[in-house]
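None of the values given here were measured: they were computed from a predicted structure.
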Amino acid sequence: MSTIAAALSLPISSCRSSKFYTKRVVKGRFRVFAIIGDEGGLEDRKNPWATLFDVEDPRTKVPQCKGKFLDVNQALEVARLDIQYCDWKARQDVLSIMLLHEKVVEVLNPLAREYKSVGTLMKDLAELQEDLAQAHKQVHISEARVSTALDKLAYMETLVNDKLLQDRNTTESNLLSPIPSTLTESLDTAKNRQPRRSLNVSGPVQSYDAHLKNFWFPVAFSEDLKDDAMIPIDCFEEPWVIFRGKDGKPGCVQNTCAHRACPLHLGSVNEGRIQCPYHGWEYSTDGKCKKMPSTKFLNVKIKALPCFEQDGMIWIWPGSDPPTANLPSLLPPSGFQIHAEIVMELPVEHGLLLDNLLDLAHAPFTHTSTFAKGWSVPSLVKFLTPESGLQGYWDPYPIDMEFRPPCMVLSTIGISKPGKLEGQSTRECSTHLHQLHVCLPSSRNKTRLLYRMSLDFAPILKHVPFMQYLWRHFAEQVLNEDLRLVLGQQERMINGANVWNCPVSYDKLGVRYRLWRDTIERGSNSVLARPRYYQPEFLDIELR
């Protein structure tokens with residue numbers, strides 16, 4: 001291990017000489033001997049606890065590389081073996097504590113007190129107390145080593161990915177126009193000296209930038225908008241109301257009457273026009289006032305937004321730029337059937353909710369009562385993406401995920417064996433759940449969430465009575481597990497804490513969303529034609 005520690009600069013001590021001492025454990029009429037090395041590692045596991053911690057000592061797998069120069073791939077392999085060693089060592093430390101606790105119980109046994117003096121018992125207990133204190137200290141050291149080794153492994157993986165990308169770019173560059181090696185080295189050195197960007201998401205939520213509004217936003221499901229119904233919504237802190245015109249097409253107008261500022265959604269829909277409940281003024285889907293009872297008709301119009309219906313959803317364009325011709329499709333993949341469409345209003349800023357949805361590493365700790373119940377905690381969680389882009393897949397979970405601008409998250413989850421899917425990709429699973437989350441920014445502290453759930457199995461569930469209410473109950477349970485955490489984040493963020501203070505390797509997709517949003521709000525002209533999140537410099541941020 002000294003070679004590994006030297007190669008990676010990890011605080012892991014080298015293996016000591018093979019000196020051992022024995023500790024005798026007396027249990028009833030049986031004698032159990034446990035041979036423990038100077039570092040506390042168990043050499044002969046004959047205690048009942050040993051079966052729980054019986055893992056192979058990884059030091060036999062360590063390549064003999066003393067005095068050799070390691071390339072980046074070899075160093076990555078060494079880092080992975082270091083993780084295995086740290087895991088093995090931590091298990092030995094915990095096992096040592098368990099053995100010592102058993103020894104304390106044996107010393108305090110009434111039978112033992114019959115043939116031992118009080119002085120002898122106190123001496124034995126004092127020695128055991130000292131041993132326990134040392135063992136607990138060793139556990140804390142192991143925890144620090146594991147944390148350091150994980151950070152080193154993440155760093156080495158980043159180096160490998162950068163090296164692969166650099167080699168590919170160098171090859172392509174050489175094919176087009178060869179560059180002298182000295183010049184290439186100078187450019188690499190200059191690039192390495194550039195400070196890496198960092199994220200700062202702290203303080204009260206600022207007013208939304210106008211550039212963020214220049215997208216099509218889904219705001220409602222078509223099934224919820226009946227011919228005689230209205231749906232009031234808030235979008236970017238402005239009130240709107242959606243209803244269908246006489247031709248059945250949806251429209252979106254300002255939810256404020258031009259006469260006395262009465263909320264229009266308190267009224268009704270008559271022949272494709274929305275009627276104000278105060279004095280009966282009626283407006284069509286283009287915002288024009290078509291009727292003014294009890295007074296002389298005036299040429300009055302309220303603000304209306306471009307509104308369109310596609311794929312079972314109502315879309316609006318709240319921006320000042322002309323709307324794009326095409327709307328993105330949010331339909332589930334082929335072979336899926338939609339089983340539930342749910343709308344919720346959540347008291348949290350939409351960016352924080354997107355951060356949460358784009359992160360799965362929290363599931364074994366947060367969703368222990370719902371979908372992640374029984375999930376094991378892997379030693380390393382990664383989100384694997386292309387060199388750039390806003391989509392990828394989780395390892396070790398069989399989940400494909402994508403952030404789709406401006407506020408949508410799509411995911412496909414393999415659910416063949418819930419909770420036991422490590423090492424399987426979604427393609428290897430026979431059944432799947434597809435999810436769409438739309439996080440509409442209602443205001444700086446409120447999000448309108450549209451959730452669509454689709455399955456590629458059990459079509460009979462669509463016809464089970466009241467199934468929609470069961471899906472909603474489950475969705476609310478999952479969201480409530482997240483919401484208490486995100487609300488705490490929001491409170492601390494408003495008071496100045498940076499919620500992106502220390503991103504790590506599995507935060508990759510959330511970081512890319514934040515960088516995309518930052519680029520949009522800075523007003524990049526090329527965003528709609530060729531989003532900058534496909535360019536390597538856009539991804540230049542430090543992940544620990």
Side-chain angles (χ1 to χ4, degrees), residues 201 205 339-378 380-383 393-403 407-415 417-422 426 432-442 445-455 466-495 497 499-504 506-511 513-514:
V201 181
V205 181
H339 282 251
E341 292 181 335
I342 300 169
V343 181
M344 301 181 187
E345 299 287 343
L346 305 176
V348 64
E349 194 268 332
H350 89 289
L352 290 177
L353 188 58
L354 283 169
D355 290 341
N356 176 268
L357 292 170
L358 294 171
D359 169 30
L360 193 69
H362 72 282
F365 307 98
T366 303
H367 299 291
T368 53
S369 299
T370 53
F371 71 90
K373 186 175 183 179
W375 279 20
S376 59
V377 180
L380 189 66
V381 176
K382 295 183 288 184
F383 186 77
Y393 64 94
W394 286 93
D395 180 14
Y397 307 118
I399 299 181
D400 298 335
M401 185 172 284
E402 175 185 358
F403 167 72
C407 62
M408 288 84 81
V409 176
L410 295 94
S411 58
T412 301
I413 306 171
I415 55 174
K417 298 177 182 177
K420 299 180 180 179
L421 290 167
E422 292 191 13
T426 53
H432 302 83
L433 163 70
H434 181 79
Q435 296 184 113
L436 164 68
H437 291 85
V438 178
C439 300
L440 180 70
S442 298
N445 296 309
K446 188 173 73 171
T447 299
R448 178 178 173 87
L449 176 67
L450 278 64
Y451 173 73
R452 174 185 277 171
M453 188 200 74
S454 307
L455 303 174
F466 308 112
M467 200 66 191
Q468 179 85 359
Y469 299 102
L470 181 62
W471 292 133
R472 183 179 184 91
H473 173 71
F474 183 75
E476 287 178 344
Q477 277 190 312
V478 174
L479 275 172
N480 284 334
E481 289 177 325
D482 284 319
L483 202 56
R484 65 188 184 93
L485 308 180
V486 179
L487 284 172
Q489 281 185 297
Q490 181 169 264
E491 178 185 355
R492 282 153 179 76
M493 179 188 74
I494 291 173
N495 291 329
V499 298
W500 277 103
N501 190 48
C502 187
V504 293
Y506 56 65
D507 292 323
K508 188 183 298 183
L509 188 56
V511 166
Y513 155 67
R514 284 292 178 175

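Nearest heavy atom pair, residue Cys502 against residue Asp507, reads O-OD2, 4.4 Å. Considering every non-hydrogen atom in both Gln468 and Ala340, the closest pair reads OE1-CA, 3.6 Å. Closest heavy-atom contact between Thr447 and Glu349: OG1-C, 3.5 Å. The two residues Tyr506 and Trp394 have their closest heavy-atom pair at O-CH2, 3.6 Å. Heavy-atom minimum distance, Met401 versus Ser411: CE-CB, 4.1 Å.
When side chains are defined from C-beta on, Val377 counts as touching Phe365, because their heavy atoms get closer than 4.5 Å. Annotation: side chain of Ile399 is in contact with side chain of Leu360 (closest heavy-atom distance under 4.5 Å). For the pair Pro347 and Lys446, the minimum side-chain heavy-atom distance is 4.5 Å or more. For the pair Pro364/Tyr397, a side-chain contact is recorded, criterion being any heavy-atom separation below 4.5 Å from C-beta on. Side chains of Met493 and Leu352 form a contact here, defined as non-hydrogen atoms less than 4.5 Å apart. A 4.5 Å side-chain heavy-atom check between His432 and Thr426 finds at least one atom pair inside the cut-off.
Distance check: Asn495 CG to Glu491 CD gives 6.0 Å after rounding to the nearest 0.5 Å. Once rounded to the nearest 0.5 Å, the distance linking CG of Leu346 with CG of Asn445 reads 12.5 Å. Annotation: the span from Arg484 atom CZ to Glu481 atom CD amounts to 7.5 Å, rounded to 0.5 Å. Here Leu450 contributes atom CG and His437 contributes atom NE2; the two are 10.5 Å apart, rounded to the nearest 0.5 Å. Interatomic distance, Arg514 CZ to Leu509 CG, rounded to the nearest 0.5 Å: 12.5 Å. Atoms CG and SG, from Leu357 and Cys439 in turn, are 5.0 Å apart once rounded to the nearest 0.5 Å.
Checking each of Leu433, Leu436, Ile342 against Met453 for a side chain to side chain contact (heavy atoms under 4.5 Å, CB included) leaves exactly one that passes, namely Leu433.
Between the side chains of Thr412 and Asp400, no donor-acceptor pair of N or O atoms lies under 3.5 Å. When only modelled atom types and interatomic distance are considered, Asp355 and Trp500 share a side-chain donor-acceptor pair under 3.5 Å. For the residue pair Tyr451/Glu341, the side-chain donor-acceptor check at 3.5 Å is not satisfied.
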Legend entry - Derivation and outcome, side-chain contact (heavy atoms from CB on, under 4.5 Å), residues Gln435 and Arg452: CA-CA 6 Å; Gln435 296 184 113; Arg452 174 185 277 171; over 6 Å; no

